[in-house]
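Before any comments, here is the structure.
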Amino acid sequence: MASAALQRAADELERAAGDRQAAAALAATRWRGTHRLTFNVDLRNPQTAAAALAAAYRGAAARIQQAGARAAEEQAHRERERAVAARA
C-alpha cells in the first residue's frame, strides 16, 4: 500500500537522521574554530532536508489514506443506491 510505504520511508529518514546526528555529535568533539562552524552548517542542511522530506511523506500518506476512505464511502453509497433502485 502506498501510504504504508511512505510511512516506512519517513521512519527510515528519521532513523537515518538520528544516526547521523549521533555520529556527528561524536565527530564534532574533534572540530574547532571555523571548521567546527562549517561542520555544523554542513550537518544542519541534510538534517533539515530529511525532516522536511519525512514530514512531506507523512502528509502524502495521510492524504492517500483520506482519499481511500472517501472512495470507500462513495462506493458504499453507490451500492446502497443500487440496492434501493433494484427493490423499486
Side-chain angles (χ1 to χ4, degrees):
M1 186 170 191
S3 64
L6 285 165
Q7 290 286 3
R8 284 190 303 275
D11 290 344
E12 180 60 22
L13 277 168
E14 290 170 344
R15 186 204 57 75
D19 290 351
R20 186 181 310 115
Q21 189 64 41
L26 178 61
T29 62
R30 298 185 175 116
W31 292 90
R32 301 282 182 261
T34 59
H35 297 292
R36 171 69 182 267
L37 295 175
T38 301
F39 180 82
N40 289 344
V41 169
D42 288 348
L43 175 64
R44 185 178 19 208
N45 293 335
Q47 292 295 84
T48 301
L53 189 54
Y57 283 1
R58 291 193 193 287
R63 288 189 298 278
I64 289 169
Q65 290 171 338
Q66 291 167 353
R70 284 191 305 271
E73 290 170 7
E74 178 62 25
Q75 181 64 26
H77 174 74
R78 289 179 185 193
E79 289 172 1
R80 287 190 301 273
E81 284 184 339
R82 280 194 292 264
V84 168
R87 282 185 256 143

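Heavy atoms only: backbone and side chains are in, while hydrogens, waters and symmetry mates are out. Here the structure is a predicted model, which means the values were calculated and not measured.
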Considering residues at least two apart in sequence or located in another chain, which fulfil the side-chain contact (heavy atoms from CB on, under 4.5 Å) criterion with A27? W31, F39

Between CD of Q21 and CD of Q47, what distance do you get to the nearest 0.5 Å? 5.0 Å

Side-chain hydrophobic cluster, 4.5 Å single linkage: members besides V41: none

Kindly write out the residues that satisfy side-chain hydrogen bond (donor to acceptor under 3.5 Å, both in side chains) with D11, not counting sequence neighbours, or none if the list is empty. R58

Under the side-chain hydrogen bond (donor to acceptor under 3.5 Å, both in side chains) test, residues paired with N45 that sit two or more places apart: none

Under the salt bridge (charged side-chain N to carboxylate O under 4.0 Å, His left out) definition, can you give me all pairs with a residue in residues 39-56, not counting sequence neighbours? none

Residues 62-74 side chain polar contacts: donor-acceptor under 3.5 Å, at least two apart:
{"unit_1": "R63", "atom_1": "NH1", "unit_2": "G59", "atom_2": "O", "d": "3.3"}
{"unit_1": "E74", "atom_1": "OE2", "unit_2": "R78", "atom_2": "NE", "d": "2.9"}

Contacts of type side-chain contact (heavy atoms from CB on, under 4.5 Å), residue A56, not counting sequence neighbours: none

I need the minimum non-hydrogen distance between A50 and A17, along with the two atoms involved. CB-CB, 4.3 Å

Listed by chain and number, what are the salt bridge (Lys or Arg N to Asp or Glu O under 4.0 Å) partners of R15, not counting sequence neighbours? E12, D19

Please identify each residue that fulfils side-chain contact (heavy atoms from CB on, under 4.5 Å) with A9, with sequence neighbours left out. Y57

Report the hydrophobic cluster partners of L43, with the cluster defined as I, L, V, M, F, W, Y residues connected by side-chain heavy atoms closer than 4.5 angstrom, directly or transitively. none

Can you name the residues that form a side-chain hydrogen bond (donor to acceptor under 3.5 Å, both in side chains) with H77, not counting sequence neighbours? E81

Which pairs pass salt bridge (charged side-chain N to carboxylate O under 4.0 Å, His left out) with one or both residues in residues 26-39, sequence neighbours excluded? none

